[in-house]
Amino acid sequence: MGDEDWEAEIVKPHMSSYVPVFEKDRYSSGANGDTFNRTPASSSDAGESNKREATSTMGGFGVGKGFGNRGFSNSKFEEGDSSGFWRESNNDCEDNQTRSRGFSKRGGYQDGNDSEASGSSRRGGRGSFRGCHAGFGLGSPSNEYEQDEGTQRSGGLFGSRRPALSDTGNGDTYPSRGGGASGRGGYKGLNEEVVTGSGKNSWKSEAEGGESGDTQGPKVTYIPPPPPEDEDSIFAHYQTGINFDKYDTILVEVSGHDAPPAILTFEEANLCQTLNKNIAKAGYTKLTPVQKYSIPIILAGRDLMACAQTGSGKTAAFLLPILAHMMQDGITASRFKELQEPECIIVAPTRELINQIYLEARKFSFGTCVRAVVIYGGTQLGHSIRQIVQGCNILCATPGRLMDIISKEKIGLRQVKYLVLDEADRMLDMGFGPEMKKLISCPGMPTKEQRQTLMFSATFPEEIQRLAGEFLKSNYLFVAVGQVGGACRDVQQSVLQVGQYSKREKLVEILRNIGDERTMVFVETKKKADFIATFLCQEKISTTSIHGDREQREREQALGDFRCGKCPVLVATSVAARGLDIENVQHVINFDLPSTIDEYVHRIGRTGRCGNTGRAISFFDPESDSHLAQPLVKVLSDAQQDVPAWLEEIAFSTYVPGFSGSTRGNVFASVDTRKNFQSKNTLNTGGFSSSQAPNPVDDESWD
Ligand SMILES: Nc1ncnc2c1ncn2[C@@H]1O[C@H](COP(=O)(O)OP(=O)(O)OP(=O)(O)O)[C@@H](O)[C@H]1O
């Protein structure tokens, strides 16, 4: 797929092009040394040093591998062998899928991951790469982001997307994760969980390592540093942007029966004093549209599926009313107990995102007796347990770690009143859907009639909406702020036609023009993230990277370095596509376009948040990205962006009859899939002024 043939440009067999430890030390800025590029001591020898460095990591990376048959174009790398490294996979998903399916096309490539046979062999692989500092990182399918990245692209539920990677017949991919198909213990999480051979326990965690008794391999010992406790840090926030007030003009549709009226101000929500204080300290003075509608709906006890553009405040839209209820219910302070029974469970697909949600929960519950806890994979299980037993009212968790903790009977579900699925479409797709189903059928979990279930995302494909019905009461309300699945209009989008072999050059050109402004560069595979990060370092552009094969410690360090501006460029896979709210990200560059338009919308939504403006530049390679032309044209035009003529031509020439007769295809939900249930007078604007509202709802919206 849309790859530059980048793997082929790594040349020497057994030579890592990734930033090796050597460079880390050489340019090091500290103990962790996790960023890729620091200004070399002497720039003149940078190229040479890279050669040396790369060679120095051979042991760390290349065991048992051969890869690359073409020279690195700028001769920093030299001719290598042709044993087919690139065949292993050209995206994370395929990493995942290939591993899962045991495809035999990998040629000479092997690593500790290659075998699906056991968790231990995979972990062995991981260990072998540590020396190169998360180097080509092929060793950790147990990593949460294997699943995330992989299944993102495996969203094969949707006809209009890239060919489904649904596992057919291998018995070892998603359904097995969901439980049962593999026969290996019934559960296979590709995030922090690992299938065990014993089948004794349905939910085995890699994080358990030796703790679990029957898992093997290195124990995950990482304990994330506690977040700062001082009030200034807790309430640190960035400014809303010049377009914040324009949110009021976005059309909002609420569907379902008896929706409570929206509120206009925080005061109307009648929140308790402490919450109001926290809202003020967070710098919130005005509600965003999704908050105006969702807060009263949640306060009224209704189930909700809410879809609103990226960066428009969905997190507070669910946290505030949940906290308000908890306060009203006179929640008692959490106490130390071996089994904790949280009132609220929030799940999100990525570790970094769930951590961010936790920090928001901690902020809004500041000064109350509500205790929020976060648990996620890639960290020491014991640490998660210690956090929980100290008391837990709101549990923020990634699915794998959550199921693990439940299986260990550290969390009881009987008291759950609120279940929140952030990035709900992702949580219900083939990757996480089975786990979510397991969660709601866990012993003790209140039925959907007894709990309140809330789903939020910027995208909600129709198929996922239908699946969501299982989780929601039949009278749930659906809030659509603007175009369901549409891109944030504060992001100026441009699409450039760039062939795979020109991408790097173009990237460097753009980054040099951008200067120090914070930029996220999205690529399609973990290996490529390493490769491009290394390449940019060689070009002396300060870069770090985040992807699912990096250790959790490294991921967090990378994000920290990017957030604080130490590394203004973050090369990422889809692990960073959703939810991350990083101040001052001015640019998103899609070095590779993603496989689905939804992912595109989420990726570019890392900029242009909260009324700030941002820019997204995407490299479109007609060789590999044509399938995206139609939905891309639709997204661009819906967001009132210029559509290049060449892109329209490609869209037209790749027009598929049955693709809904529009460039949108089946990409977006028209709005609420329960069209028949629509109540009539539910069309409003966020600012309650339909006359001034532009009409983002197009011909496919219902009614
Ligand atoms: N009413 C408000 N006033 C000021 N800032 C707000 C308000 N609501 C949210 N924000 C801020 O806007 C930013 C984006 O919010 P949030 O991360 O919840 O967006 P989101 O809609 O969940 O985005 P995504 O779809 O990317 O997950 C955050 O920094 C948040 O603190």
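For ligands, and for the atoms within them, numbers begin at 1 and follow the listed sequence. Quick caveat, the model's predicted, so the values are computed rather than measured.
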message: I need the single residue from Glu524, Arg603, Glu599 that forms a side-chain hydrogen bond (donor to acceptor under 3.5 Å, both in side chains) with Asn590. Which is it?
response: Arg603
- request: State whether a side-chain donor-acceptor pair under 3.5 Å links Tyr238 with Asn612.
  value: no
task: Quick one: look at Thr240 and ligand 1, take heavy-atom pairs under 4.0 Å, and tell me if it's side chain, backbone, both or neither.
output: side chain
message: Around atom NZ of Lys437, are there more than 12 heavy atoms from other residues, nucleotides or ligands closer than 6.0 Å?
response: no
query: What is the closest protein heavy atom to atom 11 (C) of ligand 1, and at what distance does it sit?
result: Cys610 SG, 3.5 Å
- request: Tell me yes or no: between the side chains of Arg351 and Gln552, is some donor less than 3.5 Å from an acceptor?
  value: yes
query: Hey, is ligand 1 close enough to Lys286 that some N/O pair sits below 3.5 Å?
result: yes
field: Residue selection (non-hydrogen contact nearest atom 31 (O) of ligand 1) among Tyr238, Tyr247, Tyr284
entry: Tyr284
message: Looking at non-hydrogen atoms alone, which of Gly311, Gly608, Cys488, Gly605 comes nearest to atom 23 (O) of ligand 1?
response: Gly311
- prompt: Which of parallel (below 30°), tilted (30 to 60°) and perpendicular (above 60°) describes Phe235 and Phe366?
  reply: perpendicular
- prompt: Hey, mind stepping through Ser457 and Asp425 against side-chain hydrogen bond (donor to acceptor under 3.5 Å, both in side chains) and telling me if it holds?
  reply: CA-CA 7 Å; Ser457 184; Asp425 53 332; 2.7 Å; yes
statement: The answer for which part of Arg578 has a heavy atom under 4.0 Å from ligand 1 is neither
message: Just checking Gln328: does its CD atom have more than 12 heavy atoms from other residues, nucleotides or ligands closer to it than 6.0 angstrom?
response: yes
message: Set out, in order, the CA-CA distance, both residues' side-chain angles and the distance that settles ring pair (Phe, Tyr, Trp, His ring centres under 6.0 Å) for Phe522 and Phe591, then state yes or no.
response: CA-CA 6 Å; Phe522 282 100; Phe591 185 91; over 10 Å; no
task: Quick one: look at Phe244 and ligand 1, take heavy-atom pairs under 4.0 Å, and tell me if it's side chain, backbone, both or neither.
output: side chain
Atoms of ligand 1, numbered as shown, that sit under 4.0 Å from any heavy atom of Arg606: 26 (O)
- line: When distances are taken from atom 25 (O) of ligand 1, the protein heavy atom at minimum range is Lys314 NZ, 2.7 Å
task: Would you check whether Thr310 has a nitrogen or oxygen atom less than 3.5 angstrom from a nitrogen or oxygen atom of ligand 1?
output: no
message: With respect to Lys363, determine whether any N or O atom, backbone or side chain, lies less than 3.5 Å from an N or O atom of ligand 1.
response: no
query: Hey, does Gln309 sit under 4.0 Å from ligand 1 if you only count heavy atoms?
result: yes
message: So, applying side-chain hydrogen bond (donor to acceptor under 3.5 Å, both in side chains) with His587, which one of Arg615, Glu517, Arg606 is it?
response: Glu517
- line: among protein heavy atoms, the one nearest atom 28 (C) of ligand 1 is Asp581 OD2, 3.0 Å
query: Under a 4.5 Å cut-off applied to non-hydrogen side-chain atoms, are Asp303 and Phe471 in contact?
result: no
query: At what distance is the nearest protein heavy atom to atom 17 (O) of ligand 1, and which residue and atom is it?
result: Arg609 NH2, 3.0 Å
- request: Looking only at distances, please establish whether an N/O atom of ligand 1 is found under 3.5 Å from an N/O atom of Gly313.
  value: yes
Closest to atom 27 (O) of ligand 1 among Gly579, Pro289, Ala308, Ala236 (heavy-atom distance): Gly579
- request: Select one of side chain, backbone, both or neither to describe which atoms of His602 lie under 4.0 Å from any atom of ligand 1, heavy atoms only.
  value: neither
field: Worked check of salt bridge (Lys or Arg N to Asp or Glu O under 4.0 Å) between Asp422 and Lys314
entry: CA-CA 9 Å; Asp422 196 24; Lys314 293 187 285 294; over 6 Å; no
Proximity to ligand 1 by part of Thr315, non-hydrogen separation under 4.0 Å: both
- prompt: Counting only heavy atoms, which portion of Gln291 has something under 4.0 Å from ligand 1: side chain, backbone, both, or neither?
  reply: side chain
- request: Determine whether the aromatic ring centres of Phe364 and Tyr284 lie less than 6.0 Å apart.
  value: yes
field: Interfacing atoms of ligand 1 (cut-off 4.0 Å, heavy-atom, Glu423)
entry: 27 (O)
message: Using heavy atoms and a 4.0 Å limit, tell me yes or no: is Ser312 in contact with ligand 1?
response: yes
query: Does Asp638 use its side chain to pair, donor to acceptor, with the backbone of Val635 at less than 3.5 Å?
result: no
